[in-house]
Structures are given as C-alpha cells and as structure tokens.
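Note that the coordinates shown come from a computational prediction; the quantities given were computed from them, not determined experimentally. Positions are given from 1, in the same order as the sequence printed here. Remember, it's 1-based here, ligands and their atoms both numbered in the order they're listed.
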Amino acid sequence: MTTILERYQQLHPRSAALHAEALRLFPNGVTHDVRYVTPFPIYVERAAGSRKWDVDGHELIDYVMGHGALLLGHAHPAVKQAVAEQIEKGTHYGACQELELRWAGWVQRLVPSAQLVRFTSSGTEATMMAVRLARAFTGRQKLVRFQSHFHGWNDNVVGFAFPPDTTPQAAGIPIAALQNQVVVPQHDAAALRQALERGDVAAVIIEPTGASFGTIPLVRSFLSDARELTEMAGSLLIFDEVVTGFRVAPGGVQELTGIPPDITCLAKVLAGGLPGGAVVGRRDILSLLDFGDDEWNLKRRIPHPGTFNANPLSAAAGSACLSVIADGKPQQRAADLCRRLCQGMNALLRRAEVTGCAYGFSSMFHITMGYDVPPPEDGFLWNWEGRPGATVPGISRERLEALKRGMLNRGVDLMRNGGLVSAVHTEEDVDATLAAFEETLADMRREELV
Ligand SMILES: Cc1ncc(COP(=O)(O)O)c(C=O)c1O
C-alpha cells in the first residue's frame, strides 16, 4: 500500500524537478512561507475560475485563491478585460490617473470608515503605514496587538513571546521595535485595559474576525470592548481587514458589526488579484500625509512615496473587482458554499470518528484534527460567546502535512489546514472536495494519523 507521501511523489515528478532547480535559486526553494510544503510544493501553470492546473497535468479545486485575493476566482472576465484594456494603454505613468479615483471611489463607497484613502503595494505596507500614522497622530510609541494575529511582516507587528519572558523576540527585529509592542491574549479585556491604562499606547491593531483569518474566532463583543477601551485611553483602533475587507461584506467587518475603527488596512480583494493595499480611515489622521509649510513637512508630515502605489493595472483590476462585489451577492454565494463545505466535512469527520472539526466564517474555513473540540452547533460558525477561554483549535505539523499532500493527491489545494471559497466555486466543487476529504481521512487513518 503506498503512503500519502509516496503517492504525492509519484503524482508530481515535474513539480519535484522544478523544486530541485528552485533550491538553487531561493531559500528552501520557495518565494512565500505558506508555499513551503515538504518534500516539495506543486508548481501551477494556469488557472481559471475555481480551478488551477499543475505542471504534472492535474486539475485542482483551489482554496488558496491567491492567498485570499481572489473572491471572484481566477481570471474573472471583468477583471481580465479591465487589465487587458489597461495594459494596452501602459502599465505605469509615474503620474496621477483617473483610474485611481474610480478605485478609491469604490473603497470610499463600500468601507464605512474610509473618509480618506491611501494606496500602498501590499497589506504589509498598509499595516506599516497604519502604525506610523497612529504614532504620529497620538505622539505615543506603543502598539498593542493580539497573540497569533497576523499583520504581515514589518518590524512593528512580528515577534513572539516565549513564556516566562513576556517580551516578544524575533530574528532581525530591533529591540526597540519589540519593546514597543504589547502582546495581549485575544478576548482578554482585562489585559487590554491594563495595557491601555498607562496612556502610552498609540494604537491597538486587530484582525476583526480573530487570529489568522479567524483560525481562532473572535467574539464580537470583544471588538466592542476594544473600541470602548481604546476610546477611553485616547488610543486608536486599527482594523486589519486585509483578508476580511470586501470579503465578509462589501464594507468588511466594520459594516457587519457597525463598529467603526479609526484606521483600516486593506489589500487582497481590494486589488482584484493584482498587487495592492490601502490605508483608509479618519480624515484628521490620514491628513498627516498632506503637504504643508516647511516646518510641518519636516516635523509632522509622514512621507509616502512608493513606486507602485495605485499603479494603473492594480487600479483597473481593483475597480473592476469592487464593482462586481459591491452588491454583496458574490460574498453571500461564497459564504453559502463555505457553510456547505464545513457542514459536509463535519459530517464526514463524525462518520469516520475522527476528533476535530471544520469551522469558518463567511467564505473562510479551517480544519482542526486531533483535538477533542466540539464541532460548531450549526456545523459552521464557531461560537465562543460565553466561553472565551475554551481550547484553541489547531493541528499538528504531521497531520497538517498529510492533509495538504493527501488532498492534493485527490485534486484539492487547501491553504494550510483551511482555505478561502470564492464566488465562482460551485456545489459540484464542494461535493468533489468532500469526496476528496473522505478519501484523505481514510488515507490518514491507514497511517494512524487520525
Ligand atoms: C490579516 C493580514 N494582514 C496583513 C497581511 C499582509 O498582507 P500582504 O501579504 O499583502 O503583505 C496579511 C497577509 O496574508 C494578512 O492576512
């Protein structure tokens, strides 16, 4: 009987060969941490709709979906046409262009707190700018963030604390940057209050559906606590809606909850599958990017060049994408399919008597295995309300790797132990994914992994 790993190697010889070549070019042979898959990742040569095709000729149902950028799936006709038309007219003017007005106009109409917009090239740049704005606006240094919440890879937002030492540590990050971070457990309102009490916190940054695009789901009432406590402390509240923006609703979590952040970070869906990010928020805060007199420019203004800010191709793709998702129907379609997927996975886990569950929010889903966690009551939404200290779901590295390879063997590409559903996935895709999941569970059972 071949193992999951052996089958993976047999099925993907061309990917293995390209990976061997890549090892001579890139650290670990990859260009993004999430693409690091052992013993080698798959190589993809084209994609359309909910599918992508690898270099070994396999058709895959895709749930990585451009790391969350492709709410409308691969090569959506409206986005393709907008980009094709723009590319004929040039890719970079080094000048203002009307398209950036159209793009920002969509952002302003859809995102409730977007009084002003500033485009960046990525989500990482957006969180970096948000923190800088908050520090300049408040004149304070400290940033509060939450354990396991991900905000990209800039110095302000990386580093982990290794108990009993509570100071975050991270290779290559200046001590001063780490000392300016206060990392608080998600849902711990008392710890948040205590962190804010000293009056030196510029901002609190949060993934508003919970750590790592909702892998650890966030209780909605905690968002209200964060809003109230930051206001009382004179600190700003930054929503990192890089994943949730335009996805959970046209206006993101702030539309769903009615809780207004001071600053919001956007990327991914914003640019319709091309590179792009944005910082949006209160006019008085974003006005720190305005030019003024010499004294202001030297001492108070935040400079912001950036070669690819609001570049024409991203502006074209982003405007086209936002125009399609503005009515909320694609989000609803993707969320309905995601619910169906999780409910199906939970039924299969139950039938196979595997401990763990699938859960999600909107069109984002996660799978935990090996921990005795009760499945969500409705088979989809994890309800933490009333038990915020409950066990955090997770998955061991061994199971994670087997799940990823096993699902690829069966024609499905997950993003780690979860993924993102697009508006162009179909019921048939979900059913085929469930069949692949059932077979993968059986494969894992044979190897005593579940
Ligand atoms: C919540 C969140 N913030 C920020 C980022 C960083 O965005 P980017 O990869 O565009 O730099 C990510 C990326 O996945 C993210 O998930």
Tell me if a side-chain donor or acceptor on Gln186 pairs with a main-chain N or O of Pro217 at a distance below 3.5 Å. yes
Parallel, tilted or perpendicular: which describes the rings of Phe119 and Trp103, with under 30° parallel and over 60° perpendicular? parallel
Per-atom filter on ligand 1: closer than 4.0 angstrom to a heavy atom of Ser122 are 10 (O), 11 (O)
Lys268: heavy atom below 4.0 Å from ligand 1, yes or no? yes
When you compare the side chains of Ser113 and Arg282, does any donor N or O come within less than 3.5 Å of an acceptor on the partner? no
Compute the centroid of each ring, for Phe213 and then for His366, and state whether the two points are separated by less than 6.0 Å. yes
Can Glu207 be said to touch ligand 1, with heavy atoms closer than 4.0 Å? yes
Give the residue, atom name and distance (to 0.1 Å) of the protein heavy atom nearest atom 7 (O) of ligand 1. Gly123 CA, 3.3 Å
Distance-only N or O hit between ligand 1 and Thr124, under 3.5 Å: yes
Can you tell me if Arg145 and Gln181 form a side-chain donor-acceptor pair at under 3.5 Å? yes
With a cut-off of 4.0 Å, which atoms of ligand 1 are near a heavy atom of His151? 3 (N), 4 (C)
I need the nearest protein heavy-atom contact for atom 16 (O) of ligand 1: residue, atom name and distance, please. Val243 CG2, 3.2 Å
heavy-atom search around atom 1 (C) of ligand 1 in the protein gives Phe150 O, 3.1 Å
Apply the side chain to side chain donor-acceptor pair (under 3.5 Å) test between Glu241 and each candidate in Arg247, Gln254, Lys268; give the one that qualifies. Gln254
Give a yes or no on whether a salt bridge exists between Glu401 and Arg397, defined as a side-chain N under 4.0 angstrom from a carboxylate O. yes
Going by the atom numbers of ligand 1, which of them fall below 4.0 Å from some non-hydrogen atom of Val242? 2 (C), 3 (N), 4 (C), 5 (C), 7 (O), 12 (C), 15 (C)
Quick one: does Phe213 get within less than 4.0 Å of ligand 1, heavy atoms only? no
Can you find a side-chain donor-acceptor pair between Thr127 and Asn154 that sits under 3.5 Å? yes
Identify, for atom 3 (N) of ligand 1, the protein heavy atom at the shortest distance, and state residue, atom and that distance. Asp240 OD2, 2.6 Å
